[in-house]
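All remarks here apply to the structure that follows.
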Number of protein chains: 6
Amino acid sequence: MTRPITLFTGQWADLPLEEVAALASGWGYDGLEIACWGDHLDPWRWDDDQYVADKLALLARYNLKVYAISNHLKGQAVCDDPIDQRHWEILSDTVWGDGDPEGVRRRAAEEMKNTARLAAKLGVDTVIGFTGSSIWKYVAMFPPVSQDAIDAGYQDFADRWNPILDVFDEVGVRFAHEVHPSEIAYDYWTTKRTLEAIGHRKAFCLNWDPSHFMWQQLDPVDFILEFADRIIHVDCKDVKLRLGNGRNGVLGSHLAWADLNRGWDFVSTGRGDVPWEASFRALNSIGYDGPISVEWEDAGMDRLLGAPEALAFVKRNAFAAPVAAFDSAFKAQ
Amino acid sequence: MTRPITLFTGQWADLPLEEVAALASGWGYDGLEIACWGDHLDPWRWDDDQYVADKLALLARYNLKVYAISNHLKGQAVCDDPIDQRHWEILSDTVWGDGDPEGVRRRAAEEMKNTARLAAKLGVDTVIGFTGSSIWKYVAMFPPVSQDAIDAGYQDFADRWNPILDVFDEVGVRFAHEVHPSEIAYDYWTTKRTLEAIGHRKAFCLNWDPSHFMWQQLDPVDFILEFADRIIHVDCKDVKLRLGNGRNGVLGSHLAWADLNRGWDFVSTGRGDVPWEASFRALNSIGYDGPISVEWEDAGMDRLLGAPEALAFVKRNAFAAPVAAFDSAFKAQ
Amino acid sequence: MTRPITLFTGQWADLPLEEVAALASGWGYDGLEIACWGDHLDPWRWDDDQYVADKLALLARYNLKVYAISNHLKGQAVCDDPIDQRHWEILSDTVWGDGDPEGVRRRAAEEMKNTARLAAKLGVDTVIGFTGSSIWKYVAMFPPVSQDAIDAGYQDFADRWNPILDVFDEVGVRFAHEVHPSEIAYDYWTTKRTLEAIGHRKAFCLNWDPSHFMWQQLDPVDFILEFADRIIHVDCKDVKLRLGNGRNGVLGSHLAWADLNRGWDFVSTGRGDVPWEASFRALNSIGYDGPISVEWEDAGMDRLLGAPEALAFVKRNAFAAPVAAFDSAFKAQ
Amino acid sequence: MTRPITLFTGQWADLPLEEVAALASGWGYDGLEIACWGDHLDPWRWDDDQYVADKLALLARYNLKVYAISNHLKGQAVCDDPIDQRHWEILSDTVWGDGDPEGVRRRAAEEMKNTARLAAKLGVDTVIGFTGSSIWKYVAMFPPVSQDAIDAGYQDFADRWNPILDVFDEVGVRFAHEVHPSEIAYDYWTTKRTLEAIGHRKAFCLNWDPSHFMWQQLDPVDFILEFADRIIHVDCKDVKLRLGNGRNGVLGSHLAWADLNRGWDFVSTGRGDVPWEASFRALNSIGYDGPISVEWEDAGMDRLLGAPEALAFVKRNAFAAPVAAFDSAFKAQ
Amino acid sequence: MTRPITLFTGQWADLPLEEVAALASGWGYDGLEIACWGDHLDPWRWDDDQYVADKLALLARYNLKVYAISNHLKGQAVCDDPIDQRHWEILSDTVWGDGDPEGVRRRAAEEMKNTARLAAKLGVDTVIGFTGSSIWKYVAMFPPVSQDAIDAGYQDFADRWNPILDVFDEVGVRFAHEVHPSEIAYDYWTTKRTLEAIGHRKAFCLNWDPSHFMWQQLDPVDFILEFADRIIHVDCKDVKLRLGNGRNGVLGSHLAWADLNRGWDFVSTGRGDVPWEASFRALNSIGYDGPISVEWEDAGMDRLLGAPEALAFVKRNAFAAPVAAFDSAFKAQ
Amino acid sequence: MTRPITLFTGQWADLPLEEVAALASGWGYDGLEIACWGDHLDPWRWDDDQYVADKLALLARYNLKVYAISNHLKGQAVCDDPIDQRHWEILSDTVWGDGDPEGVRRRAAEEMKNTARLAAKLGVDTVIGFTGSSIWKYVAMFPPVSQDAIDAGYQDFADRWNPILDVFDEVGVRFAHEVHPSEIAYDYWTTKRTLEAIGHRKAFCLNWDPSHFMWQQLDPVDFILEFADRIIHVDCKDVKLRLGNGRNGVLGSHLAWADLNRGWDFVSTGRGDVPWEASFRALNSIGYDGPISVEWEDAGMDRLLGAPEALAFVKRNAFAAPVAAFDSAFKAQ
């Protein structure tokens with residue numbers, strides 16, 4: 001089981017894909033998890049065969065593979081309520097259009113279908129992304145939220161995503177939701193409930209990214225073991241906690257990244273509190289053989305320093321399981 | 001310093017005020033922190049002298065005092081965005097009106113002014129409540145939120161509350177904001193920022209309620225010491241954590257109260273994780289001599305059992321500081 | 001849901017049952033969980049109607065009820081291997097016989113069948129006990145133990161207990177296994193495996209006793225929630241940890257009870273580390289309405305002191321869940 | 001083993017002994033641990049038989065016993081260097097004299113001899129106190145302290161205390177040193193070294209007072225087990241830690257008692273972090289049958305409130321060990 | 001003090017010794033701790049001078065030394081009760097014979113004597129191994145175990161090992177018992193008791209292997225300091241804990257190695273929870289100058305990857321103590 | 001922000017400065033923090049231009065810079081009381097003179113003024129050092145210390161240091177006090193009080209050295225953020241805790257360095273418990289751009305091993321902050 005190590009291009013989309021490919025290849029990455037923003041990939045061009053061929057040729061030039069593509073930003077808009085300035089900043093004009101919330105949601109859903117189609121054209125069977133959520137804003141449970149309102153939120157998610165997943169099924173691609181605050185599934189119990197909402201249909205899977213698990217006090221290893229049959233992609237983003245002084249809180253205090261008064265912050269892979277080695281052993285134990293993708297997000301460290309360091313870190317810790325048992329050597333009979 | 005112990009009537013507003021007064025008096029409470037909902041208090045009748053006189057007479061019949069009144073539910077609507085079904089359920093028709101969000105906010109602000117006026121009429125100098133917040137929904141910081149958007153949220157709060165606080169100043173009453181998720185100030189650093197936003201004006205103070213501090217990993221004792229000059233009221237609501245198993249998360253998973261898969265839940269005062277005795281010692285050290293108010297919220301215990309138990313608990317732990325130092329007895333000279 | 005509180009007579013079997021009944025009744029217990037040793041109950045006399053009537057009359061004289069009977073000591077011998085001096089000391093001559101291990105096991109199994117029959121005669125639907133285990137002795141996994149050997153142990157358990165459980169089914173009684181070291185199921189994962197081994201048949205249930213959970217670092221609350229459909233009885237035995245000094249180990253060091261160099265020791269209910277209140281809330285949440293039975297085992301405290309204290313402790317903490325939600329009082333509409 | 005519970009009069013010496021006796025007797029204490037300051041006891045009058053008889057008569061009037069007397073303040077001066085203003089404030093003129101340090105030390109030593117003699121006259125075999133230390137001031141180990149300087153400190157202690165202990169031996173009384181910062185023995189390893197310095201002579205024993213153990217991270221239970229043969233008296237003073245916020249330090253920051261920015265503070269017995277029940281069980285296990293003495297020192301609670309509460313607390317937790325083992329009831333043979 | 005770093009061959013005995021020697025030499029190991037199983041060493045050939053010479057020649061060819069030899073598997077059988085299938089799998093026909101338990105024990109004892117003789121012939125003064133135990137199976141202390149039964153277990157150990165140790169004394173070799181579950185000494189207090197049982201005779205020493213200390217909550221550094229005079233060999237096997245989720249227990253749940261539901265598992269040296277650097281500093285402080293032997297046991301990592309990595313890890317952390325003190329540079333005089 | 005990494009020469013002053021320079025240069029250090037003892041620097045020669053020129057030439061030969069000079073040992077004597085043997089050992093004859101305490105203090109103060117003058121001559125704007133303290137010896141607060149005595153200690157500090165700081169102001173150099181036991185400011189609250197005592201004058205700043213923070217349970221990151229405007233130098237000395245076994249205490253037990261029974265000990269940078277990476281990020285966040293100076297103090301590791309290892313460690317972790325935010329790559333607009 002020699003799994004490829006890829007670089008997620010989402011935080012590099014200010015650079016042309018070619019430049020990112022050159023860097024990643026130079027550092028020794030095996031491939032890219034390509035984001036559907038910047039000039040990296042445009043899902044609306046899924047049926048432009050030349051466009052697809054050019055992208056694959058670009059990768060081939062740098063000896064890189066693609067195993068999964070990502071479209072977090074548009075997936076976010078599928079269920080979100082409200083739709084506001086924050087979405088405007090990250091959505092293309094095609095999706096934003098006149099900014100009418102329901103229209104934005106529908107166009108975002110359309111782009112997610114196209115993302116599945118593009119993945120298929122690229123020979124890729126996994127699309128990673130977010131779902132958005134109409135009830136995330138009720139997370140504090142005050143003003144009092146009725147059980148009906150919560151139930152309706154899960155139903156809204158199912159209603160909006162089932163048609164998208166139908167297209168995924170048609171083209172033989174699966175969606176890997178990243179469990180994350182702001183989304184319909186952001187922790188252990190909401191993931192359970194989300195899978196129920198969608199009838200555990202096969203097209204809806206999970207991207208394991210532990211960076212939001214630690215401050216929520218969730219165990220990323222346990223998550224792998226419990227959702228073994230759903231984890232089809234792995235993103236390595238790390239997080240460092242600065243809690244315990246009684247002043248920094250788990251909610252981040254609306255403070256900016258890199259502010260050390262935040263209770264936690266993202267850091268380059270290997271420099272945080274995620275139990276990476278145990279997690280990779282858990283991935284071995286469930287037989288995960290897909291890519292391990294490095295997602296660099298560290299507001300306190302330069303990405304040109306972090307990306308190659310993270311690659312070395314992952315290589316050192318994501319080793320394969322052995323074939324033979326150690327106590328077989330004790331056998332006399 | 002013998003501080004009165006009061007019962008907050010907010011969670012008893014399904015009963016007539018007279019019935020709550022009878023119960024509280026029977027258990028031995030010194031007074032009530034009266035909520036402005038149910039039939040307990042109606043701020044719009046602030047200038048109805050008979051109404052006010054009747055309320056005071058009712059209290060007198062049961063040998064109870066009032067030191068503060070509360071209007072969390074309407075304060076919430078002053079800044080909130082969105083305004084939705086949740087608000088409709090807790091707002092009177094007077095405030096909800098046609099449900100147009102900006103209209104709701106303005107009428108809620110009007111009620112908060114009236115609450116100040118009613119307090120003055122009742123001979124009370126403290127109104128407790130929430131502020132609402134237009135940026136609470138951005139707590140997860142994704143989709144990316146610009147610093148401008150955050151700054152605008154604090155400004156919106158200041159713009160909406162300054163006129164309300166002007167009325168407070170006029171009638172010689174102070175507003176005690178309860179630091180709480182869903183509000184503009186919900187932890188240590190947001191409280192700092194909120195006080196800055198409003199220029200540290202004297203009319204804006206704090207109600208110390210530690211129930212949301214523990215799961216955020218905030219130290220309620222430190223909070224008392226740091227904001228000593230702002231704490232003018234104390235609400236005793238307790239919370240029990242059920243974290244650490246790697247499955248229950250700090251965000252509560254959109255689960256209902258009393259579900260043991262929540263990472264935390266409110267419990268009757270004295271049965272949770274709040275360091276009450278140390279907190280009362282801290283209140284002593286800052287010279288706090290206002291009421292200690294018991295706020296019963298425990299979805300797993302009957303309120304008729306919890307309320308008298310909490311009173312006994314508070315009496316046992318909220319003792320006054322002594323006059324003499326213990327080592328003065330060592331003196332030979 | 002007003003659950004009865006009973007006293008387990010197992011640690012009082014050096015006294016005649018009548019004397020124990022007099023004590024328990026005097027302290028205010030609602031009933032007894034009667035042990036099948038000493039003169040308390042003899043399963044071999046299950047079909048002696050007078051014997052049964054006399055026992056029930058004795059209880060009635062002291063205004064006590066019986067909801068469950070216990071036979072840990074004989075259950076232990078059903079699967080154990082080796083059978084040795086330790087068993088001889090706790091087994092009656094009837095079961096021990098000539099001491100041939102397989103004969104002892106068979107006679108113990110016979111007594112367990114009779115215990116079910118006796119329960120039925122007493123009008124009781126629950127028998128509490130241990131299973132014994134042929135593989136407990138392999139717990140250290142050295143010398144190396146093959147997976148086959150482990151599997152065989154679970155199969156041996158199923159083979160020996162299925163015929164016993166057939167009798168339980170016949171007479172409408174269920175067996176409540178106490179999860180405990182020395183037994184086939186002693187922790188979370190072994191309980192899962194044990195239930196699988198026996199095909200999850202309905203007659204095999206669980207007695208929740210958390211005293212061996214704490215030093216194993218198991219969460220007794222989680223256990224209640226996960227095995228909600230199997231928990232039919234509750235024993236309250238408490239345990240105090242003395243770990244962390246780097247010398248006292250979790251295995252107890254073959255030291256005697258009350259030796260403070262042990263890493264843990266049993267203590268009277270309410271004086272240890274079991275999270276009792278959270279556990280009782282969990283029992284509420286699964287709708288458990290059976291008896292709460294106090295099991296006194298404290299080598300450092302007199303039982304005449306501990307038993308009434310434990311009763312008071314349980315009463316204070318095992319309160320029922322309330323009917324109404326606290327936030328219903330916020331409703332304006 | 002029914003051990004007497006006594007009240008230490010040291011922190012009550014601003015009151016006449018008779019008044020303290022009246023209070024203690026009224027609360028239900030069995031006796032007093034009488035301090036040699038205030039008007040409580042004057043060691044220089046040891047050979048005044050009338051004085052001694054009057055003191056005993058006073059106790060008898062209040063139905064109180066005396067098992068031990070204390071002279072911490074003068075013991076402190078025996079080895080201390082420097083001798084300064086702090087000593088002047090707590091020493092009588094007799095001992096202070098002209099204030100010449102060596103003279104003060106010699107007169108303090110003389111008073112300690114007299115304290116032994118007075119104890120004998122009172123029929124008491126235990127004197128509790130401090131030793132002082134010439135090397136305590138080097139605790140920070142900077143400027144660099146040579147091993148020779150440390151060794152000389154222990155030798156100085158031995159040289160000054162051996163002649164005192166000779167008098168203790170003569171009159172059949174033992175000295176119980178209280179392990180405490182400022183003294184020659186203040187933690188586990190310094191107690192070991194101190195006992196070596198004095199050749200483990202029988203007259204030098206220990207008073208177990210855990211109040212300075214917790215913030216030093218010492219285990220008071222382990223201390224009882226390890227120094228079982230030396231512990232001849234028990235003082236119950238409690239301590240509460242306020243550490244972990246990264247600002248409050250273990251050294252107390254030269255802040256006054258009751259300042260909540262101290263990392264720790266003394267509190268009334270039962271309200272702090274000392275593991276009292278486990279400690280009393282340890283005292284049972286070493287066969288300690290001397291007095292349990294309550295030492296009230298709580299700068300945040302009135303002593304008239306604390307003293308009776310502490311008595312009740314100790315009674316509830318310092319129970320005797322039982323005679324029979326719980327598993328003897330399992331015996332069939 | 002430049003201590004050799006050796007590789008323990010026990011988990012490589014499926015390979016010919018020559019192959020293991022080639023690998024170890026290639027990685028830079030200084031020597032081997034050779035196991036007495038596989039083709040590595042056969043104690044019954046101790047008086048075959050050519051056999052011994054060949055083994056030494058083999059080592060010399062690879063520039064390796066031998067400082068200690070190991071015979072855990074046969075030592076285990078000396079006291080064990082029961083003797084069963086597990087022993088059959090790891091014992092040679094010579095020792096197993098007809099499988100009669102007492103015969104197996106006696107022949108195992110004979111092999112241990114021969115192991116001492118072989119060590120002497122090889123010029124080695126240390127034999128590492130296990131003792132077995134007749135009372136390990138009583139570790140759960142239920143069914144109740146009498147103190148007599150425990151005492152008899154220690155006596156059985158002494159009776160069986162004293163004659164073996166006589167041979168060790170004769171040939172000038174010492175036995176280093178590895179403290180380990182399944183053995184007579186498996187933690188701190190049982191090690192104390194074991195040394196007493198054997199009268200602290202010089203031939204019985206200890207092999208420090210911390211891999212079973214961590215999950216028992218024992219401090220390996222403290223163990224080195226307390227048993228300084230007995231530690232004559234060091235095995236580096238690491239362990240990783242996966243406790244705290246309330247489901248994984250310290251007893252391992254009869255689960256296989258590498259199953260992440262186990263509460264703990266062995267991992268390659270440097271990847272677990274053992275405080276290696278502090279342990280090596282402790283070994284420095286007791287003047288230990290014997291070999292540091294790497295014992296690879298990691299069911300989740302290939303041994304060809306782990307063995308050289310562990311060597312580098314040990315080299316980086318097992319540095320020698322310096323000669324001069326750092327503060328001598330401050331001296332002006 | 002590429003900050004220089006320097007080596008503090010204080011623990012190398014037994015070697016000639018030239019030899020230290022050769023070593024440091026060879027390992028790759030950017031400069032030296034030169035100590036004013038040994039032959040490294042003599043403040044009394046501040047106006048000897050040739051002396052100063054020679055020192056600078058020496059540094060230039062080895063391509064090293066000097067950004068700060070240190071005089072801890074003489075600063076210590078400015079306020080200390082008592083002045084004793086410990087000072088004699090570390091003070092030059094010039095300062096010690098006849099050893100009269102007040103004379104020593106005055107001459108030490110004079111040397112500190114000269115140190116400022118020497119710094120200025122060397123082109124350096126920072127002098128690092130200790131202040132000494134007349135009240136450190138009262139840290140245990142027993143015998144009782146009056147608030148007046150504490151206040152007098154801070155005043156004594158101000159009285160003695162203000163004239164020294166006047167000279168610092170004259171020559172444009174600042175003093176960086178190292179927060180440390182034995183000094184006037186040794187933790188968070190004493191640093192606050194110290195800055196108040198001296199009126200927050202600009203010449204009095206701080207040298208951040210976290211080695212004494214960890215065992216006092218102080219947060220070095222919080223310290224950086226809170227005293228951001230005062231931190232003008234950074235010393236990297238690491239510390240390892242050995243607490244938690246209930247025997248090792250936080251006060252060190254008057255035991256020698258490298259004794260593993262101490263509760264803590266200094267170790268080479270990167271091998272202890274200081275959160276270095278978070279600390280360097282905090283230094284970035286306050287815009288600190290001065291030197292990072294490695295202070296080697298490890299009684300268990302050779303300095304020739306530790307110094308280059310520490311340099312590599314610091315380089316790996318003290319990276320600069322990036323320019324761009326990671327989420328700017330998400331922007332579509």
Side-chain angles (χ1 to χ4, degrees), chain E residues 1-3 187-189 191-192 208 210 213-214 216-229 231 234 241 270 273-289 292 312-333, chain F residues 8-15 20 35-38 40 42 72-74 76-77 85-96 237 240-248 256-262 265-268 270-273 295-306 309:
Chain E
M1 195 158 46
T2 53
R3 288 174 299 225
D187 66 6
Y188 183 85
W189 300 111
T191 301
K192 292 272 252 192
W208 179 83
F213 284 35
M214 306 317 290
Q216 289 191 75
Q217 300 202 25
L218 306 175
D219 178 355
V221 175
D222 179 66
F223 195 91
I224 291 170
L225 300 178
E226 284 294 316
F227 296 108
D229 63 332
I231 293 174
V234 165
L241 306 187
D273 293 317
V274 172
W276 289 109
E277 184 181 330
S279 299
F280 293 136
R281 287 178 187 253
L283 289 168
N284 284 349
S285 87
I286 66 166
Y288 176 78
D289 58 2
I292 306 282
F313 176 83
V314 170
K315 280 192 174 161
R316 204 160 57 243
N317 289 289
F319 44 77
V323 183
F326 60 78
D327 49 7
S328 64
F330 300 159
K331 291 243 166 110
Q333 307 292 341
Chain F
F8 175 45
T9 73
Q11 288 83 2
W12 308 72
D14 54 321
L15 305 177
V20 181
C36 292
W37 52 89
H40 293 201
D42 180 355
H72 300 74
L73 302 183
K74 308 338 164 352
Q76 183 69 39
Q85 171 75 15
R86 298 170 303 150
H87 301 82
W88 176 80
E89 288 185 11
I90 59 174
L91 295 176
S92 63
D93 292 344
T94 314
V95 175
W96 181 260
K237 191 165 69 159
K240 187 76 188 170
L241 307 187
R242 274 266 308 141
L243 292 162
N245 66 2
R247 290 175 299 280
N248 300 358
W257 306 113
D259 188 318
L260 283 145
N261 289 331
R262 289 183 57 87
D265 206 351
F266 299 123
V267 290
S268 192
R271 292 189 170 268
D273 293 316
E295 180 175 4
W296 172 87
E297 270 196 20
D298 186 332
M301 188 188 196
D302 197 285
R303 64 186 174 186
L304 295 177
L305 181 56
E309 184 191 80

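Sequence lines set the chain letters: A, B, ... in the order given, protein chains first and strands last, and positions in each chain run from 1.
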Exercise for the section: Could you look at W96(F) and say if it's the side chain, the backbone, both or neither that has a heavy atom under 4.5 Å from chain E? Expected result: neither

Handout entry: Partner chain E: residue of N245(F), V267(F), L15(F), N248(F) with the largest heavy-atom pair count (under 4.5 Å)
Key = V267(F)

Practice task
Select one option (side chain, backbone, both, neither) describing which atoms of L304(F) are under 4.5 Å from chain E's heavy atoms.
Solution key: neither

Problem - Partner of S285(E) under side-chain contact (heavy atoms from CB on, under 4.5 Å), chosen from L260(F), N261(F), D259(F) - result: L260(F)

Problem - Nearest heavy atoms of A13(F) and A329(E), plus distance in Å - result: CB-O, 3.5 Å

Fill in the blank from the handout: Turns out that what part of D298(F) lies under 4.5 Å from chain E's heavy atoms comes down to both

Handout entry: Side chains of M301(F) and E277(E) in contact at under 4.5 Å (non-hydrogen atoms)
Key = no

Problem - Min side-chain heavy-atom separation F330(E)-L73(F) under 4.5 Å - result: yes

Practice task
Test D222(E) against R242(F) for salt bridge (Lys or Arg N to Asp or Glu O under 4.0 Å), laying out the working first.
Solution key: CA-CA 10 Å; D222(E) 179 66; R242(F) 274 266 308 141; 5.4 Å; no

Exercise for the section: For residues G300(F) and P322(E), report the shortest heavy-atom separation together with the two atoms involved. Expected result: C-CD, 3.2 Å

Fill in the blank from the handout: So, the part of I90(F) with a heavy atom under 4.5 Å from chain E: the answer is both

Completion exercise
So, the part of W257(F) with a heavy atom under 4.5 Å from chain E: the answer is side chain

Problem - K331(E) and D14(F), any side-chain heavy atoms less than 4.5 Å apart - result: no

Exercise for the section: Test F319(E) against L305(F) for side-chain contact (heavy atoms from CB on, under 4.5 Å), laying out the working first. Expected result: CA-CA 9 Å; F319(E) 44 77; L305(F) 181 56; 3.8 Å; yes

Practice task
Considering only heavy atoms and a distance below 4.5 Å, find which of E297(F), R303(F), E309(F) pairs most often with chain E.
Solution key: E297(F)

